[in-house]
Number of protein chains: 2
Amino acid sequence: MSQRFSVAVHILALLASEPSKLLTSEWIASSVNTNAVVVRRLLGLLRRAGWVKTRAGREGGFELAVDPSALTLREVYQAVEEGRIIGIHAAPNPRCPVGSCIGAALGSVVASAQEAMLAELGKRSLADVVKELSVRRERKG
Amino acid sequence: MSQRFSVAVHILALLASEPSKLLTSEWIASSVNTNAVVVRRLLGLLRRAGWVKTRAGREGGFELAVDPSALTLREVYQAVEEGRIIGIHAAPNPRCPVGSCIGAALGSVVASAQEAMLAELGKRSLADVVKELSVRRERKG
DNA sequence: CGTATCTGTAACAAGTACAGTTACTGCGTG
DNA sequence: CACGCAGTAACTGTACTTGTTACAGATACG
């Protein structure tokens, strides 16, 4: 199962909690506990979406380029995790009355289920996540 | 991506549209356009859930054992497709203020998103699917 | 009673997706 | 120019899913 959404939110939360600071992929990778290339791959997607700015070369790194309260988790999910959640079998028998229509019927079911999930993600912004992190941190002491 | 849910609904729709008839895995497989063993594997899960009855041996096969209007797509999904939709990276750095809390914060986000999806699937029953199939069939002529 | 037919299930192969890793190019600062 | 960083291609290992073969057990039928 893909962890891209999870890691992407982690990365964005890091960038949001260190605004206008350049973080290197190596530094981010040590927080996520993964390889720096994995981080750069994901940040490539976020950069193309316009949410992150990059500076190459010495003293380079990544920084957030949007207001965290204007970026929903739905957008993040859709940027890094493409396609459908629920697979539909491709080629049922068209000569069977069920087989010939099940694809279309399931398509609408799956679409509405996926939209419900995305709508729920759309209720939360990156700022909400950052805020929740600080609350949880305080609780720990 | 797993197509088990999709195929399971297809199979259940077949059984529901031929009530009190025994359908063989071979016959079902030809409608789904897959191998009979794949069908039997899925039907094993549905049998253990109590929704399908089996008769082995000659003249054997599968038949529905529940009222289609009492079986929601949510139940079917959960029977054949276990685990979470969205993965969470397992071991972020506990010494990082973000890394130490991101798992819990993401957990609640992912749980609510998944619940929203399941709730949407819970709005539809197998009977709804069968009804939609017959509507689509009529539209085709 | 034997045979044909069907389920149940194990075992294996093939395809696919993802994370991790190495290696390299190119950019930009000091 | 050298160092440190992003960007990206390529390869590996692992895990999951589907498809397939094989076979044991069950059951109706002649």
Side-chain angles (χ1 to χ4, degrees), chain A residues 1-8 10-11 14-15 21-49 51-65 80-93, chain B residues 1-8 10-11 15 21-49 51-65 77 80-93:
Chain A
M1 178 184 311
S2 169
Q3 301 169 354
R4 284 195 297 269
F5 171 70
S6 168
V7 173
H10 185 151
I11 293 173
L14 283 172
L15 296 177
K21 231 187 189 181
L22 285 174
L23 305 184
T24 70
S25 61
E26 207 72 48
W27 192 91
I28 294 171
S30 79
S31 169
V32 177
N33 194 24
T34 183
N35 190 287
V37 174
V38 174
V39 171
R40 292 205 288 270
R41 274 203 286 244
L42 269 174
L43 275 162
L45 296 175
L46 304 179
R47 176 173 47 83
R48 275 163 226 149
W51 304 323
V52 158
K53 272 185 193 162
T54 272
R55 210 164 84 195
R58 193 166 178 167
E59 307 288 303
F62 301 88
E63 67 179 333
L64 206 59
V80 300
E81 209 93 44
E82 91 271 2
R84 292 196 168 159
I85 303 172
I86 304 175
I88 296 183
H89 56 301
N93 189 340
Chain B
M1 176 184 311
S2 168
Q3 301 170 355
R4 283 194 297 269
F5 171 71
S6 167
V7 174
H10 186 151
I11 293 173
L15 296 177
K21 233 188 189 181
L22 287 173
L23 306 184
T24 70
S25 62
E26 206 73 47
W27 193 92
I28 294 171
S30 79
S31 170
V32 177
N33 193 25
T34 183
N35 191 288
V37 175
V38 174
V39 171
R40 292 204 290 268
R41 274 203 286 246
L42 270 174
L43 275 162
L45 296 174
L46 304 179
R47 176 173 47 85
R48 274 163 229 150
W51 305 323
V52 158
K53 272 186 195 162
T54 272
R55 211 164 83 195
R58 192 166 180 169
E59 308 286 302
F62 301 88
E63 66 180 332
L64 206 59
Y77 183 90
V80 300
E81 209 93 42
E82 91 272 4
R84 290 196 170 160
I85 301 173
I86 303 175
I88 296 184
H89 55 302
N93 190 340

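Order of the sequence lines fixes the chain letters, A, B, ..., with proteins taken first and strands second; residue numbering starts at 1 for each chain.
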Quick test: give all pairs of protein nitrogen or oxygen and nucleotides 12-15 of chain D nitrogen or oxygen below 3.5 Å, distance rounded to 0.1 Å.
none

Solution key, residues 53-64 of chain A side-chain donor-acceptor pairs under 3.5 Å, sequence neighbours excluded:
none

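- Here the CG-CG distance, from A/L15 to A/L22, works out to 9.5 Å after rounding to the nearest 0.5 Å.
- The side chain to side chain contact (heavy atoms under 4.5 Å, CB included) search around B/A36 returns B/S25, B/E26, B/A29, B/R40, not counting sequence neighbours.
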With B for base contact, S for sugar-phosphate-only contact and - for none (protein heavy atoms under 4.0 Å), nucleotides 1-9 of chain D reads --BBBSBBB
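- A search for side-chain hydrogen bond (donor to acceptor under 3.5 Å, both in side chains) contacts involving B/S31 returns B/H10, not counting sequence neighbours.
- Residues meeting the side chain to side chain contact (heavy atoms under 4.5 Å, CB included) test with B/L45, sequence neighbours left out: B/L42, B/R48, B/V80.
- Scored by the side chain to side chain contact (heavy atoms under 4.5 Å, CB included) test, A/N35 finds A/V37, A/V38 as partners (sequence neighbours excluded).
- The nucleotide range of DNA chain C contacted by chain A, defined by atoms under 4.0 angstrom from heavy atoms of the protein and reported 5' to 3', is C/dC18 to C/dT29.
- Listed by chain and number, the residues in a side-chain hydrogen bond (donor to acceptor under 3.5 Å, both in side chains) with B/Q3 amount to none (sequence neighbours excluded).
- Among all heavy-atom pairs drawn from B/F5 and B/Y77, the shortest one is CD1-CA, 3.6 Å.
- In this structure A/R4 satisfies the salt bridge (charged side-chain N to carboxylate O under 4.0 Å, His left out) test together with A/E81, sequence neighbours excluded.
- The side chain to side chain contact (heavy atoms under 4.5 Å, CB included) test applied to B/N93 returns B/R95, B/C96, not counting sequence neighbours.
- With the nearest nucleotide of DNA chain D identified for both B/A36 and B/E82, B/E82 has the one nearer the 5' end.
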